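The model shown is predicted, which means the values in this text are computed figures rather than measured ones. Every chain is numbered from 1, with letters handed out A, B, ... down the list of sequences.
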Amino acid sequence: MSRYPFADVEPRWQRFWEERRVFRTPDRSDKPKYYCLDMYPYPSAAGLHVGHIEGYTATDIVSRYKRMRGFNVMHPTGWDAFGLPAEQYAVRTGVHPAKTTADNIANFRRQMKRLGLSYDWDREVNTTDPAYYRWTQWIFLKLFERGLAYVAEVPVNWCPQLGTVLANEEIVDGKSEVGGFDVVRRPMRQWVLKITAYADRLLEDLKLVDWPESTLEMQRNWIGRSVGADVDFALDGHPGHVRIFTTRPDTLFGATYMVLAPEHPLVDVVTTPAQRAAVTAYGEAATRKSDLQRAELTKEKSGVFTGGHAINPANGEKLPVWIADYVLMSYGTGAIMAVPGHDQRDWEFARAFHLPIREVVTGGNVDEAAYVDLERGVAVNSTAPDRSFSIDGLEAARAIPKITEWLASRGQGRRAVNYRLRDWLFSRQRYWGEPFPIVWVDGEPVALPEELLPVRLPETDQFRPAGTGEKPEGPLAALREWVETTDPRSGRAARRETNTMPQWAGSCWYYLRFLDPENPDRIVDPESERYWMPVDLYVGGAEHAVLHLLYARFWHKVLFDIGVVSTPEPFMKLVHQGTILGEDSQKMSKSVGNVVGPDEVVDAFGADAVRLYEMFLGPLEASKPWNTNSVEGITRFLDRVWRLYVGEDDRLHVDESEPPAAALRVLHRTIQKVTEDLEALKFNTAIAQMMVFVNEATRLEARPRPLLEPFVLLLAPFAPHLAEELWRHLGHRESLAYAAWPAFDPALVVEDSVTVAVQVNGKLRATLELPRGVAEADARAAALADERVRRFVDGAEVRKVIFVPDKLVNLVLGAR
RNA sequence: GCCGGGAUGGCGGAAUGGUAGACGCAGCGGACUUAAAAUCCGCUGGGGGAAACCCCGUGCAGGUUCGAGUCCUGCUCCCGGCACCA
């Protein structure tokens with residue numbers, strides 16, 4: 001029995017596509033454009049895994065389909081090749097990360113080509129290539145020029161084992177995301193990007209994109225915009241005031257104490273001599289704690305009274321000032337007014353330290369729990385002592401603006417907006433990253449001129465972090481000849497910045513470089529940018545829902561502001577492919593031993609089978625387990641397709657007969673279904689319909705060309721090697737990559753007769769074959785004539801008939 | 001705790017408020033074969049029945065509707081994210 005000879009066919013077509021540069025994309029064209037982008041991979045030593053294949057196959061199918069629909073399709077890939085694993089490997093083995101990276105890239109490229117992915121390989125980019133990172137550095141200069149990159153002494157997450165600082169997002173459960181090492185907080189001089197300056201636009205412009213709701217929500221939460229008021233509380237016995245942020249200024253009369261973050265600068269001022277020792281001890285303990293340790297203690301509120309007091313601006317009351325680590329220095333002003341009656345955290349703290357709780361909003365019982373409902377309840381006990389002001393009787397929606405205006409008029413407060421989003425910690429004490437285009441002159445950072453870019457990563461064979469535990473520095477700091485330089489503008493002695501950029505940097509703008517990868521003079525040609533942007537479809541893992549996707553949007557908006565890009569958002573439609581689990585429904589992992597590798601399955605079943613199988617598994621977005629048995633099912637399908645066209649003698653046995661009408665209808669329904677499903681990215685149901693077609697076609701005695709030739713084109717995006725081979729067998733000289741997608745005849749997708757469901761009181765009792773377009777009266781008569789229906793009607797009055805044309809007759813009976 | 005998504009046969013899954021289970025896997029039966037594999041054909045949610053057919057069935061409990069897997073209310077469990085953000 002002949003089978004699809006994938007081992008022969010697939011490499012042959014891969015060579016054909018490569019040698020003829022079939023998927024080379026012109027920079028511009030009269031055709032409409034379609035930009036179809038994958039999240040490019042980090043080329044790990046492990047090679048591609050079956051999870052990568054899922055997303056890459058999906059975009060490949062869409063790209064091939066769009067080409068056949070007449071689009072000029074941009075479908076590139078490249079390598080996010082800076083990063084920790086190669087550097088960690090270098091520390092262990094001494095093998096230079098550039099070598100490791102090059103080897104891994106070669107392996108990834110080989111594996112991707114084996115899958116028949118139709119990338120334009122002439123547009124490949126590599127973030128570690130100086131010709132690429134030159135432009136990453138260029139963007140940094142633009143950020144620096146605009147005051148969006150600054151140096152700050154900030155408490156950072158220092159990972160001693162990795163010898164580097166990590167962003168909050170790179171820490172999972174208090175451990176480093178890479179390696180799972182301990183992380184401690186420590187103040188350090190760092191580069192920081194002012195992403196908070198774009199918080200509002202990053203939030204607002206989420207309206208412009210077609211993204212999964214869960215991802216939009218995660219970004220909104222990450223940005224965490226909240227509107228409220230800043231309120232100033234005078235210090236008792238000291239000049240100046242402490243400023244707090246609150247979203248509930250309407251509860252100001254309910255404040256019974258205040259809390260400063262332990263690191264707050266006013267702690268020293270307000271602390272009384274009697275409390276100083278306790279305050280200092282608490283503060284020192286808090287700064288030493290890692291975030292994990294702080295989080296672990298959330299169940300028990302802790303804190304210390306400073307001995308000092310502040311004055312409530314609303315009623316002149318003296319409020320005790322405490323410090324507690326449930327107030328974070330990094331959010332708002334690092335200080336709060338505590339309203340235990342109407343805030344859960346304050347309530348717990350007040351309970352623990354026997355502080356008074358006062359009700360200022362009706363509706364709950366503040367002795368039992370904080371009452372935080374914003375919708376219900378009105379203000380009480382909220383009148384100024386001189387009766388000049390009151391919000392009593394008002395619900396929160398009215399009370400908040402009223403008291404905010406009152407405070408503003410007295411210079412004691414103002415409306416304020418705060419974000420959870422923090423500025424982006426942008427430097428790493430690493431070797432394998434982009435060097436900063438910065439030199440230090442007299443303790444000030446100075447931008448290098450653009451003409452001197454790229455600042456190349458210097459050669460070394462020492463990859464261990466330099467410096468000491470107290471003053472950690474990256475490996476570059478040890479390279480004296482490189483570090484010591486002169487400021488090219490002033491000629492004065494200078495030291496190079498020895499930190500490098502984080503891995504996110506290169507991936508913030510790679511989608512732009514694909515459009516013009518060789519350009520030595522500009523980051524991207526403006527005309528190409530205007531033609532291709534934005535990305536029409538972006539597919540990648542949900543793990544990038546906030547980090548990469550937020551950082552890239554930020555840089556894009558900066559580039560928009562300086563006129564480099566023409567669209568406010570880079571990625572119009574975003575889809576996350578689901579995780580491919582192991583055969584045991586567990587996450588694939590080496591330690592569990594359930595990892596399935598692409599090479600082994602392509603060896604065993606061929607690229608087309610693996611592509612088709614992953615798409616047939618279920619919806620693209622869903623997580624689903626791998627099942628090798630089912631791959632064999634797909635192999636059977638491809639073999640059936642092969643035998644439909646090619647006989648035992650290995651020759652085409654398609655004939656020139658007229659296809660039967662019924663078979664032609666199945667073909668046209670299949671064209672319709674596959675087309676619609678491709679537009680909706682529903683690959684699994686498209687494949688199911690192709691199976692239906694093949695089952696029907698297999699039943700026929702003849703092998704009519706008018707039936708079988710269009711089907712090859714439908715199959716082509718999914719199983720391109722098999723389709724090209726059949727297309728050639730059918731006598732075509734050219735690749736089908738740009739053949740016109742078949743159209744369906746609307747008259748041929750409907751049957752002459754329809755199956756009408758007959759219900760009695762909503763329960764299915766019979767189905768009838770009736771002519772399409774049957775009139776209600778006729779359908780009703782046919783239904784009532786049916787024995788199976790009559791039995792249930794049994795002389796009862798038919799009170800009502802629901803008729804859905806060509807679908808259903810529902811006979812509703814009166815009570816008997 | 002909060003936010004988002006989900007739960008359908010033995011398994012992966014399919015179903016604009018209108019015949020639940022398309023398609024595939026696994027299983028069973030048949031054809032071909034000396035035999036097996038491969039291939040082709042058929043059956044395959046549960047229960048009852050000799051059959052015609054009947055009853056039950058989409059996580060649980062209600063509701064809306066002529067009609068609910070689909071819409072609404074309240075739960076349970078699973079997955080992802082956030083986690084003292086004032």
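- Separation of the C1' atoms belonging to B:rG69 and B:rA50 is 35 Å when rounded to the nearest angstrom.
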Distances under 3.5 Å between protein N/O atoms and the N/O atoms of nucleotides 24-28 of chain B, please, pair by pair.
residue : atom : partner  : partner atom : Å
B:rG24  : OP1  : A:Asn695 : ND2          : 3.1
B:rC25  : OP1  : A:Arg636 : NE           : 3.0
B:rC25  : OP1  : A:Arg636 : NH2          : 2.9
B:rA26  : OP2  : A:Arg636 : NH2          : 3.2

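- Among all heavy-atom pairs drawn from A:Ala255 and A:Leu319, the shortest one is O-CD2, 3.5 Å.
- The nearest heavy atom of RNA chain B to A:Thr755 and to A:Lys587 marks one nucleotide each, and the one closer to the 5' end goes with A:Thr755.
- Nucleic acid contact for A:Arg765: sugar-phosphate only, since backbone atoms but no base atoms lie under 4.0 Å from a heavy atom of the residue.
- Within 4.0 Å (heavy atoms only), A:Glu217 reaches sugar-phosphate atoms of the nucleic acid but no base atom.
- Looking at the side chain of A:Arg788, the nearest of the listed nucleotides B:rA86, B:rA14, B:rC53 is B:rC53.
- Checked by atom type, the side-chain pair A:Asp608/A:Tyr4 shows a donor-acceptor distance below 3.5 Å.
- The shortest distance between the side-chain N/O atoms of A:Lys800 and the OP1/OP2 oxygens of B:rU65 is not below 4.0 Å.
- Among residues two or more places apart in sequence or in another chain, the side-chain contact (heavy atoms from CB on, under 4.5 Å) test is passed with A:Val417 by A:Arg225, A:Val227, A:Arg415, A:Tyr419.
- Between the P atoms of B:rG10 and B:rU58, the separation comes to 13 Å (whole Å).
- OP1 or OP2 of B:rA86 lies within a sub-4.0 Å distance of a side-chain N or O belonging to A:Ser226.
- Atoms CG and OH, on A:Asp346 and A:Tyr257 in that order, are 4.5 Å from each other to the nearest 0.5 Å.
- B:rG9 adopts a syn glycosidic conformation, its chi angle falling within 90° of 0.
- Every pair passing side-chain hydrogen bond (donor to acceptor under 3.5 Å, both in side chains) that includes a residue from residues 692-703 of chain A is listed here, sequence neighbours excluded: A:Arg640-A:Asn695.
- Rounded to whole Å, the distance from CZ on A:Phe637 to P on B:rC40 is 13 Å.
- Distances were taken from every side-chain heavy atom of A:Tyr326 (C-beta onward) to each of B:rC84, B:rA22, B:rC3; the shortest belongs to B:rC84.
- Using a 4.0 Å cut-off between charged nitrogen and carboxylate oxygen, A:Asp232 and A:Arg414 count as a salt-bridge pair.
- Straight-line distance between the C1' atoms of B:rU8 and B:rA22: roughly 13 Å, to the nearest whole Å.
- One C1' atom belongs to B:rC84, the other to B:rA15, and the distance between them is 46 Å to the nearest Å.
- Taking the C1' atom of each, B:rA36 and B:rA31 are spaced 15 Å apart, rounded to whole Å.
- Within the 4.0 angstrom heavy-atom criterion, no nucleotide atom of any strand lies near A:Asp639.
- Regarding A:Leu620, its CG atom lies at a distance of 18 Å from the P atom of B:rG5, rounded to whole Å.
- Between B:rG24 and B:rU73, the distance separating the two P atoms is 39 Å to the nearest Å.
- Across B:rA61 and B:rC77, the matching P atoms stand 16 Å from one another, rounded to whole Å.
- At B:rG42, one or more side-chain N or O atoms of A:Arg699 fall inside 4.0 Å of OP1 or OP2 (strictly under the cut-off).
- Contacts of A:Leu617 with the nucleic acid, taken as non-hydrogen atoms under 4.0 Å apart, involve only primed sugar atoms and P, OP1 or OP2.
- Across the protein-nucleic acid pair, A:Lys763 atom NZ and B:rA68 atom C1' stand 14 Å apart, rounded to whole Å.
- Note: CG (A:Leu764) to P (B:rG69) measures 13 Å, nearest angstrom.
- Taking the side chain of A:Lys624 as heavy atoms from C-beta on, and the options B:rC84, B:rC53, B:rG13, the nearest nucleotide is B:rG13.
- In this structure, A:Phe245 atom CZ and B:rC84 atom C1' are separated by 16 Å, rounded to whole Å.
- In terms of the ring pair (Phe, Tyr, Trp, His ring centres under 6.0 Å) criterion, residue partners of A:Tyr326 (sequence neighbours excluded) are, by chain and number, A:Phe349.
- The shortest distance between the side-chain N/O atoms of A:Arg3 and the OP1/OP2 oxygens of B:rU39 is not below 4.0 Å.
- Distance A:Ile802 CD1 to B:rA68 P: 12 Å, rounded to the nearest Å.
- Residue A:Glu213 has its side chain nearest to B:rG4 when only B:rG18, B:rG4, B:rA86 are considered.
- Across the protein-nucleic acid pair, A:Glu676 atom CD and B:rA14 atom P stand 17 Å apart, rounded to whole Å.
- Phosphate proximity of B:rA15 to A:Lys682: present, with a side-chain N or O under 4.0 Å from OP1 or OP2.
- Checked by atom type, the side-chain pair A:Ser226/A:Tyr331 shows a donor-acceptor distance below 3.5 Å.
- With contacts defined as side-chain heavy-atom distances shorter than 4.5 Å, the pair A:Leu581/A:Thr579 qualifies.
- A:Pro212 comes within 4.0 angstrom of no nucleic acid atom, judged by non-hydrogen atoms across all strands.
- In RNA chain B, runs of at least 3 stacked Watson-Crick or G-U pairs (N1-N3 plus N6-O4 or O6-N4, or N1-O2 plus O6-N3, all under 3.5 Å) give these stems: B:1-7 with B:76-82, B:10-12 with B:23-25, B:27-31 with B:39-43, B:45-48 with B:53-56, B:59-63 with B:71-75.
- For the residue pair A:Glu583 and A:Thr628, the shortest heavy atom distance occurs at OE2-N, 2.9 Å.
- Donor-acceptor pairing under 3.5 Å, judged by distance alone, is present between the side chain of A:Gln759 and the base of B:rG18.
- A:Val692 comes within contact range of the sugar-phosphate backbone alone, with a heavy-atom separation under 4.0 Å but no base atom that close.
- A salt bridge links A:Glu54 with A:Lys624; the closest basic N to acidic carboxylate O contact falls under 4.0 Å.
- Residue-to-nucleotide proximity on RNA chain B shows that, of A:Arg791 and A:Thr767, the 5′-proximal contact is made by A:Thr767.
- Separating the CG atom of A:Asp786 from the C1' atom of B:rU19 is a distance of 14 Å, rounded to the nearest angstrom.
- Spacing of P atoms, B:rA26 relative to B:rA38, comes out at 10 Å, to the nearest Å.
- Residue A:Thr698 is out of contact with every strand shown, counting any heavy-atom pair closer than 4.0 Å.
- We find that A:Arg636 and A:Glu632 are not joined by a salt bridge, their nearest charged nitrogen and carboxylate oxygen being 4.0 Å or further apart.
- Within the structure, side-chain hydrogen bond (donor to acceptor under 3.5 Å, both in side chains) contacts touching residues 769-778 of chain A (residues at least two apart or in different chains) are A:Ser753-A:Glu769, A:Thr755-A:Glu769.
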